[in-house]
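Okay, structure first, notes after.
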Number of protein chains: 2
Amino acid sequence: MSVTLQDVAREAGVSPATASRALNAPELVAPARREHVRQVAAQLGYRPNRAARELITGRTGNLCLVVPDLENPFFAAVAKGVQARARALGLAVVVADSEEDGHLESELVGRLGAQVDGVVLCSPRMTDEALDEALARDVPLLLVNREHHGAASVVIDNADGVRQAVAHLYALGHRRLAYAGGPAGSWSDARRREGLHRAAASLPGTEVVDLGHVAPVFDGGVAVADLVVASGATAVLAHNDLVALGILNRLTSRGVRVPDDVSVVGYDDSPAATLVAPALTTVRVPLARLGRDAVDALVNHAPRAARRRAASGVTDAEAPAPVRLPVELVVRDSTGVPPAPPTAPIASTAGDLPA
Amino acid sequence: MSVTLQDVAREAGVSPATASRALNAPELVAPARREHVRQVAAQLGYRPNRAARELITGRTGNLCLVVPDLENPFFAAVAKGVQARARALGLAVVVADSEEDGHLESELVGRLGAQVDGVVLCSPRMTDEALDEALARDVPLLLVNREHHGAASVVIDNADGVRQAVAHLYALGHRRLAYAGGPAGSWSDARRREGLHRAAASLPGTEVVDLGHVAPVFDGGVAVADLVVASGATAVLAHNDLVALGILNRLTSRGVRVPDDVSVVGYDDSPAATLVAPALTTVRVPLARLGRDAVDALVNHAPRAARRRAASGVTDAEAPAPVRLPVELVVRDSTGVPPAPPTAPIASTAGDLPA
DNA sequence: GGGTGCGGTGAAAAGGATTGCAGCACGCCT
DNA sequence: AGGCGTGCTGCAATCCTTTTCACCGCACCC
């Protein structure tokens with residue numbers, strides 16, 4: 001049916017072994033012969049049968065990407081990055097949508113993990129225990145946007161993003177800041193909340209009003225917008241661009257002007273941030289790079305085939321230090337000077353901006 | 001390393017053949033023995049090696065999905081539907097992003113098509129010739145959002161969506177309609193344009209101003225917005241929600257009020273449509289269902305393994321008729337009565353609405 | 001009572017690529 | 001001249017599952 005290595009070998013007048021080496025380990029074959037084999041292979045349109053190769057090498061040439069929600073622009077962007085980098089490395093990507101469900105996530109890792117060379121697990125919703133269990137399996141695992149003892153990971157500098165946003169608002173004169181946090185149990189929300197309080201503590205006269213946990217979607221923002229107004233804050237940081245957009249939408253429809261009455265800052269710089277008026281000031285996260293670096297880290301961390309595991313004496317080497325990517329505040333139109341003048345001239349407090 | 005069928009067979013005291021049958025063809029094995037084998041397999045945590053199975057059956061258990069842009073909410077939603085349905089059928093999905101490039105698209109179909117049971121090709125950018133070539137390969141192909149001779153496809157009723165939008169605008173009193181079309185060569189744009197002219201022709205006094213081809217992204221909408229104003233149209237149909245949002249954004253920032261001065265209608269009902277104010281009137285496309293039906297059609301159309309192709313005498317059977325999904329106009333806040341009063345009372349023209 | 005059919009089982013081949021090991025030839029060194 | 005190293009090449013095993021074919025009793029029918 002399809003052209004096999006045998007066909008190529010026969011046509012080229014060599015053994016299958018030599019044909020295989022001519023294509024995979026060129027330095028082992030005499031140059032003239034090597035070229036001849038390659039030419040024959042190309043002419044016949046030979047494509048190695050991946051199943052047969054996998055069977056003997058234990059490598060599938062596939063990576064698996066598990067995300068909570070493919071439609072969320074954050075994950076879509078990461079997926080795009082993963083996909084691009086994997087293709088450059090000759091790998092295919094199997095994607096799975098866990099529908100924000102930790103249990104399904106675990107199951108997917110178990111089911112798909114067995115048939116791929118590595119799993120990129122994005123913003124895992126699963127518990128620490130489930131993660132431990134998944135790590136105990138013999139498939140290389142890489143976490144995006146979450147750290148976990150013993151696991152390789154690629155994360156963004158959550159706290160620094162918040163710090164930049166706070167510094168920006170502080171410089172504009174804001175002193176009372178509301179925070180619309182992410183879902184309870186979210187690792188990145190915990191990091192951001194932590195960073196928020198630390199940044200605020202280093203800036204004299206700053207108060208933080210915590211509005212609690214908000215569903216990380218548009219409607220979550222709509223729901224929390226009234227709390228923002230009631231809190232008396234002049235600016236609000238949202239966990240997420242989607243939440244920020246929800247807040248923006250509700251404030252505007254209530255007649256609260258943005259940024260004249262209230263400033264709004266998002267997080268992620270998803271494409272939707274520029275779709276609205278006023279355009280959203282937000283923290284840009286290098287989403288595509290997050291995906292690319294995840295693939296690189298996964299491949300470097302576990303270059304060996306899943307099968308050859310037993311050979312390496314150590315249990316599982318040591319998990320490398322997390323890769324931490326920088327983020328960058330993007331100032332657009334949703335932030336401005338607060339309605340009440342700042343309590344002190346900006347110049348006199350500039351020295352207090354956190355490093 | 002991992003537990004194989006041999007292990008199960010030995011442990012259960014049967015031959016590998018019987019073990020295989022106990023799991024895959026239960027009716028061929030005596031009930032008592034069958035249950036015993038299954039129990040042993042479960043207890044040992046046996047998982048069949050997919051590569052070995054693929055090697056002999058020719059089936060991979062994988063589908064491939066090729067989309068122009070994973071970050072586009074339209075394709076993200078379709079991908080989600082494809083993924084969900086595939087999982088329900090026990091299939092994995094390999095996704096590939098063609099970056100809106102027809103050549104890359106062809107290459108991906110060629111490269112990935114060889115290692116999957118079928119390919120879902122979404123809004124193909126490739127030419128008809130390239131499509132023919134891809135069809136000539138022996139991998140089942142299913143087109144989403146495009147029809148092509150000899151290919152199975154799942155499409156939406158493009159023309160009817162436009163018809164509904166036009167009827168809505170006509171009923172509101174609009175008579176001069178602008179159309180911001182999709183990219184040149186887009187199959188669905190051709191269908192919509194066709195439907196637009198037919199709908200307009202059936203409504204007396206209606207004019208269509210064609211604004212040409214627009215890049216199907218936010219910036220495309222921004223760029224074309226001024227043409228809308230200059231055209232003197234009281235309403236504009238965009239090829240796409242993203243384009244509609246761009247138009248909306250530019251109009252608003254120019255001081256043109258929506259819908260008081262100009263009504264705007266999008267297409268797709270992507271999540272972003274409700275993120276803005278005014279919320280976008282748009283044509284809702286059953287995106288997830290598009291993905292699910294694509295998988296179903298693909299699986300039904302090509303239930304046999306890729307390998308067993310030669311057996312079926314006919315060239316490739318006949319491609320089944322395209323599955324056509326209905327669409328539905330969703331009226332929100334971006335459409336309203338035009339500034340100039342309608343030329344005739346609404347009641348008197350209601351009978352002229354196209355069917 | 002022997003042939004026949006059938007339910008159930010096992011031996012063995014097939015599927016395609018990779019790779020350890022052995023062999024071969026040739027050239028160089030002593 | 002003989003021995004050895006080296007550079008290439010081929011043989012054959014291996015990966016794991018599925019599936020064909022043959023076989024073996026046993027029951028049933030003639």
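We name chains A, B, ... by the order of the sequence lines, and we start the count at 1 in each one. Everything numeric in this text was worked out from a predicted model, so none of it was measured.
For D:dT18, the OP1/OP2 oxygens have a side-chain nitrogen or oxygen of B:Asn24 closer than 4.0 Å. Checking the phosphate oxygens (OP1, OP2) of C:dT18, a side-chain nitrogen or oxygen of A:Ser20 falls inside 4.0 Å. OP1 or OP2 of D:dT18 has not a single side-chain nitrogen or oxygen of B:Thr57 nearer than 4.0 Å. Distances shorter than 4.0 Å separate none of the side-chain N or O atoms of A:Asn49 from OP1 or OP2 on C:dG15. Between B:Tyr46 and D:dT17 there is a side-chain polar atom (N or O) within less than 4.0 angstrom of OP1 or OP2. The side chain of A:Ser15 contributes no N or O atom lying less than 4.0 Å from OP1 or OP2 of D:dC11.
The nearest whole Å value for the distance from the CG atom in B:Leu28 to the P atom in D:dT17 is 19 Å. What separates CZ of A:Arg33 from P of C:dC24 is a distance of 16 Å, to the nearest Å. Between the C1' atom of C:dA17 and the CG atom of B:Leu55 lies a distance of 9 Å, rounded to the nearest Å. If you measure from atom CD of A:Gln6 to atom P of C:dT18, you get 11 Å, rounded to the nearest angstrom. Computed from coordinates, the A:Leu5 CG to D:dG10 C1' distance equals 13 Å when rounded to whole Å. Note: NE2 (B:His36) to P (C:dT9) measures 13 Å, nearest angstrom. As rounded to whole Å, 10 Å separates atom C1' of D:dC15 from atom CD of A:Glu54. If you measure from atom CZ of B:Arg21 to atom C1' of D:dC21, you get 11 Å, rounded to the nearest angstrom.
The two atoms that bring B:Arg38 and B:Ala22 nearest to each other are NE-O, 3.1 Å, heavy atoms only.
At a cut-off of 3.5 angstrom, counting only N and O atoms as typed in the model, there is no donor on one side facing an acceptor on the other between the side-chain of A:Arg47 and the base of C:dG16. Side-chain atoms of A:Arg50 and base atoms of C:dG16 include no donor and acceptor less than 3.5 Å apart.
Judged by distance alone, the side chain of B:Glu105 and the main-chain N or O of B:Met126 form a donor-acceptor pair under 3.5 Å. B:Arg292 places no side-chain N or O within donor-acceptor distance of the main-chain N or O of B:Gly81, the cut-off being under 3.5 Å. Listed for the B:Arg146 side chain is a donor-acceptor partner under 3.5 Å among the backbone atoms of B:Pro124. No donor-acceptor pair under 3.5 Å is formed between the side chain of B:Arg85 and the backbone N or O of B:Gln83.
When the nucleotides D:dA12, C:dA14, C:dT9 are ranked by their closest atom to the side chain of B:Ile56, C:dA14 comes out on top.
Mapped onto DNA chain C by nearest heavy atom, B:Pro16 and A:Pro48 fall at different nucleotides, with B:Pro16 at the one closer to the 5' end. Heavy-atom nearest nucleotides on DNA chain D were determined for B:Ala17 and for B:Ala52, and the one closer to the 5' end corresponds to B:Ala52.
Looking at heavy-atom distances under 4.0 Å, A:Ala30 makes contact with sugar-phosphate atoms alone, never a base.
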